[in-house]
Amino acid sequence: MHYQKPKGTADILPAEAKKWQYVENIAQEVFETYNYHEIRTPIFESYDVFERSSGESSDVVSKEMYDFNDKGERHIALRPEGTAGVVRAYVENKLFGPEQVKPYKVYYHGPMFRYERPQSGRQRQFHQIGVEAFGSTSPDLDVETIAMAMQLLARLKLTDMHLVINSLGDAATQAAYHQALVDYLTPLQAELSADSQRRLTSNPLRILDSKDQHDQELVAQAPTILDFLSEDSAQHFAAVKTGLTNLGIDYEIDHTMVRGLDYYTNTIFEIMVTSPAFNNQEMTAIGGGRYDGLVKEFGGPDEPGIGFGIGVERLLLLLDDQDAALQEKPLDFYLVKTSEAVESSAFKLLQAIRRNGYSADQDYLARKVKGQFKNADRLHAQYVITVGETEVETGNVPVKNLATGEQIEIEIAAFENNFADVLAKLQK
RNA sequence: GCGGUAUUGGUGAAGUGGUUAACACACCGGUUUGUGGCACCGGCACACGUGGGUUCGAUCCCCACAUACCGCCCCA
C-alpha cells in the first residue's frame, strides 16, 4: 500500500511554491503601504466561532465544515474562511480598546478548509489572502479597501478585470427586502426552476443569481434591494460610489449580487476577471464587503468591520495564464571535484562562498566530471569552479562562466579572505 | 450529497483475454583518464490505482473502493 495525499489537498512543490512566495510578497507590500499589518490566528477554532459568524443555515456551516471532536471532547472546526477567526481574535484580545489606533487594519494568509467535492480551482484545503479593518463606518474606508484590492491585482499584472458593487443595507433593510422578495416570488413559485423553488424557503437571495434562464427573466422584474435601503445605508452607498469615482475607479452596480456568508452588510464587492484559464468565463478574483454586526456578535462592542479575501489557487491559475514573469533564480556557483582526494579542500571552499552570501552547491553522488558539469548546467549555475589535485597544490582554481565559456584563475585564499577580490575578477 | 469520464515507468503516452507490455522524452553509464553541446551504443516497469470476482488464463471482462478531472448542489 502506498500513501496518497488526502482527497482535495495538494502538494505545492518548489517551483510552484516560488509563485506563492511571489504573490504573498506582493500582497504584503501593497497592504503595508495602506498601513495594514499581519495577524496570524489559529487554523482551527471552536466550531461555534464559524457557526455563529457564517450563519447556521449557510452551506458552509451546514455541510462543508471540516469539524471533529478532539480528545478533550471539544467540538473543533478547521477554519472555512478567515474573517471569523480574526474577529474572534480582535474581540478576545480587546483590540477595540482605546490604546489602539482605529481603524485597526490587519491582513492574513493561510490555509482554509471546506469539506466539499473537489473541482476545478476548488479543494478541501485551499488558501486565502485576506484583509480586515475594524472600527470605522466611513465610506472612505470602503473605497480604500476596494482601491487596495484593485491595486493588488494590478501589481500582479492582471488585466481584463472589473469591479462590481452592491449594497445589502443594514439589518432592517435585509429583513424588509427578504420579505419583499419572497412576496414577489411566491406567486411565481410554479414557474421557478426546481432548485429555486427549494431556495425560496432556504435562501431566497440565492435565486437572484440562479443560472436558470427563466429564473433570470423572473428575477429581472423582482424588486431590487437598492430600493429598500434605509436612509443611512443609502447615504453610505452613495458616498462609496462618489468616492470610487473620485479615485477614478470604474465600477458596475449589480443589485442581484449576493455573497455566500450571512454576515455581510451594506457594501459588498467583487472584482471579476475574464481569463482563458477559465474558458474566458468571468470569475471572481476577489470578494469582500462590510460586516457591521459581526464584532458585536462575538461579544465585542458594536463596531463595524470590512474586508476581502482572495483565493490563492484561483489567482495563480490566472497568473499562469498571464505568464507572470517568474524567473528561476540561478545558482551562483557549482563546485566540480575531480577526485576524492580534494573533497575536504573543496568543501571548505564551498562553505566560504556560502558564508559570503552566494548560493553554491556540489555533487554528492560521486559523478564523473562530465556529469558534474551537466548538473551545473541543469541548475543554471553561473560559474563552475573546478577543484583538482593540481589546484589544491597551486592554490588557484579555474572559474568558468557557463554562459560565455570563459574561464579565469582565482586564488582559493581569496574565497576565504577576500571575496570582494573574487567578485572584482569575475566582473571583468 | 448526485451524475459522467479517467487511472499503464520519473514524464508523455501506445497496446493485447494467453510465451519477452510499443515508441518518445528524461535519467544513468560508455565512446572522450579532469569541463557543459551533438552523435552513436547500452541500461532503465515490485508488471498496467487498490481489493474482490468471472475464466484453464486478465493489464485488458464484471463489481466494489480510492483518487483525479468535468457537470449539478454550493461556493467564489
Side-chain angles (χ1 to χ4, degrees), chain A residues 1-10 13 54 57-65 80-81 112-124 126-128 130 164 193-199 202-203 205-206 209-212 257-262 264 268-273 278-279 281-289 308-315 317-318 334-342 346 363 365-392 397-407:
Chain A
M1 183 59 199
H2 57 270
Y3 295 103
Q4 52 184 298
K5 60 186 177 294
K7 187 187 182 90
T9 61
L13 305 181
S54 301
S57 65
S58 70
D59 267 56
V60 168
V61 167
S62 61
K63 62 180 205 191
E64 293 175 3
M65 203 77 103
E81 54 96 31
M112 309 289 164
F113 305 83
R114 288 184 198 174
Y115 195 88
E116 60 182 343
R117 190 80 172 253
Q119 241 180 82
S120 66
R122 207 201 290 196
Q123 296 172 316
R124 289 187 172 180
F126 61 105
H127 298 76
Q128 287 190 341
V164 181
S193 66
D195 282 334
S196 287
Q197 293 193 21
R198 190 174 41 70
R199 290 178 180 121
S202 65
N203 193 349
L205 292 193
R206 277 277 152 215
D209 65 357
S210 169
K211 287 169 192 163
D212 184 87
M257 182 169 77
V258 293
R259 310 209 71 246
L261 304 169
D262 289 358
Y264 285 108
I268 59 173
F269 68 94
E270 295 186 354
I271 301 175
M272 316 289 293
V273 177
F278 293 91
N279 287 330
Q281 300 258 310
E282 195 166 54
M283 54 88 63
T284 306
I286 292 188
F308 65 73
I310 311 168
V312 179
E313 281 84 357
R314 284 187 171 188
L315 183 63
L317 287 173
L318 294 169
Y334 192 84
L335 208 142
V336 168
K337 299 160 291 185
T338 63
S339 72
E340 276 185 46
V342 302
D363 173 61
L365 295 177
R367 269 183 277 253
K368 302 278 168 56
V369 169
K370 179 174 179 160
Q372 295 182 56
F373 263 87
K374 265 179 112 165
N375 276 349
D377 212 31
R378 287 168 67 184
L379 293 168
H380 304 113
Q382 302 211 275
Y383 299 101
V384 171
I385 301 171
T386 304
V387 181
E389 291 175 43
T390 332
E391 285 78 6
V392 173
V397 288
V399 179
K400 180 169 183 177
N401 181 327
L402 281 191
T404 64
E406 286 169 29
Q407 188 160 298

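The figures that follow rest on heavy atoms only: side chains count, while hydrogens, waters and symmetry mates do not.
- With hydrogens and angles disregarded, a donor-acceptor distance shorter than 3.5 Å links the side chain of A:Arg114 to the backbone of A:Pro80.
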Taking N or O atoms only and anything under 3.5 Å, show me the protein contacts with nucleotides 32-35 of chain B, one pair per line.
unit_1 : atom_1 : unit_2   : atom_2 : d
B:G34  : O6     : A:Thr390 : OG1    : 2.7
B:G34  : O6     : A:Glu391 : OE1    : 3.4
B:G34  : N1     : A:Glu391 : OE1    : 3.1
B:G34  : N1     : A:Glu391 : OE2    : 3.1
B:G34  : N2     : A:Glu391 : OE2    : 3.0
B:U35  : O2     : A:Lys400 : NZ     : 3.3
B:U35  : N3     : A:Gln407 : OE1    : 3.3
B:U35  : O4     : A:Gln407 : NE2    : 3.4

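- Spacing of P atoms, B:G3 relative to B:A76, comes out at 26 Å, to the nearest Å.
- Cation-pi check for A:Arg124 over A:Phe113 is not met; the charged atom does not lie both under 6.0 angstrom from the ring centroid and within 45 degrees of its normal.
- Distance noted for atom P between B:C38 and B:C27: 10 Å (whole Å).
- Paired regions of RNA chain B, where each region holds three or more successive Watson-Crick or G-U pairs whose two hydrogen-bonding distances fall under 3.5 Å, are B:1-7 with B:66-72, B:10-12 with B:23-25, B:27-31 with B:39-43, B:49-53 with B:61-65.
- Take A:Arg117 and apply the salt bridge (Lys or Arg N to Asp or Glu O under 4.0 Å) test, not counting sequence neighbours, and it matches no residue.
- A:Gln123 approaches A:Gly8 most closely through the heavy-atom pair CB-O, 3.2 Å.
- The backbone N or O of A:Val342 sits nowhere less than 3.5 Å from a side-chain atom of A:Lys337 that would complete a donor-acceptor pair.
- Closest approach of A:Thr284 and A:Met272 over heavy atoms only: OG1-SD, 3.6 Å.
- One can place CD of A:Glu64 at 11 Å from C1' of B:A76, the figure rounded to the nearest angstrom.
- Comparing the C1' positions of B:U16 and B:U20 gives an interatomic distance of 14 Å, to the nearest angstrom.
- Only the C1' atoms considered, B:A21 is 13 Å distant from B:A58, to the nearest whole Å.
- Taking atom CZ of residue A:Phe308 and atom P of nucleotide B:C75, one finds them 22 Å apart after rounding to whole Å.
- Nucleotide B:C72 holds its P atom 14 Å from the CZ atom of A:Arg206, rounded to whole Å.
- Taking OH of A:Tyr334 as the reference point, atom NE2 of A:His380 lies at 14.0 Å (rounded to 0.5 Å).
- Between B:G36 and B:C44, the two P atoms lie 27 Å apart (nearest whole Å).
- Atom CD1 in A:Ile286 sits about 14 Å away from atom P in B:A76, given to the nearest Å.
- Contact annotation for A:Gly405: base contact, defined as any heavy-atom pair under 4.0 Å involving a base atom.
- Summarising the geometry, atom NZ belonging to A:Lys368 is positioned 15.5 Å from atom CZ belonging to A:Phe373; distances are rounded to the nearest 0.5 Å.
- Among residues two or more places apart in sequence or in another chain, the ring-ring contact (aromatic ring centres under 6.0 Å, His included) test is passed with A:Phe308 by none.
- Between the side chains of A:Glu391 and A:Thr386, no donor N or O sits under 3.5 Å from an acceptor N or O.
- One N or O on the side chain of A:Gln372 and one on the backbone of A:Arg367 form a donor-acceptor pair closer than 3.5 Å.
- Applying the side-chain contact (heavy atoms from CB on, under 4.5 Å) criterion to A:Asp377, with sequence neighbours excluded, gives A:Leu402.
- Looking at A:Glu313, its side chain does come within 3.5 Å of a backbone N or O of A:His127 through a donor-acceptor pair.
- B:C48 and B:A13 have their C1' atoms separated by 13 Å, given to the nearest Å.
- Taking atom P on both nucleotides, B:A66 is separated from B:G51 by 15 Å, rounded to a whole Å.
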Just the atom pairs and distances: protein N or O near nucleotides 65-70 of chain B's N or O, under 3.5 Å.
unit_1 : atom_1 : unit_2   : atom_2 : d
B:U67  : OP2    : A:Lys7   : NZ     : 3.4
B:U67  : O4'    : A:Gln4   : OE1    : 3.2
B:A68  : OP1    : A:Gly8   : N      : 2.7
B:C70  : OP2    : A:Ser120 : N      : 2.5

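- In this structure, A:Asn375 places its CG atom 15 Å from P of B:A26, rounding to the nearest Å.
- Two residues, A:Arg367 and A:Thr404, neighbour RNA chain B, and the one matched to the more 5' nucleotide by heavy-atom proximity is A:Arg367.
- Computed from coordinates, the A:Met257 CE to B:A76 C1' distance equals 12 Å when rounded to whole Å.
- Whole-Å rounding puts the A:Ile385 CD1 to B:G36 P distance at 18 Å.
- The side chain of A:Arg378 lies closest to B:C27 when the candidates are B:G29, B:C27, B:C74.
- Atom pair A:Glu270:CD and B:A76:C1' shows a separation of 7 Å (rounding to whole Å applied).
- On the C1' atoms, B:C46 is 15 Å away from B:U59, given to the nearest whole Å.
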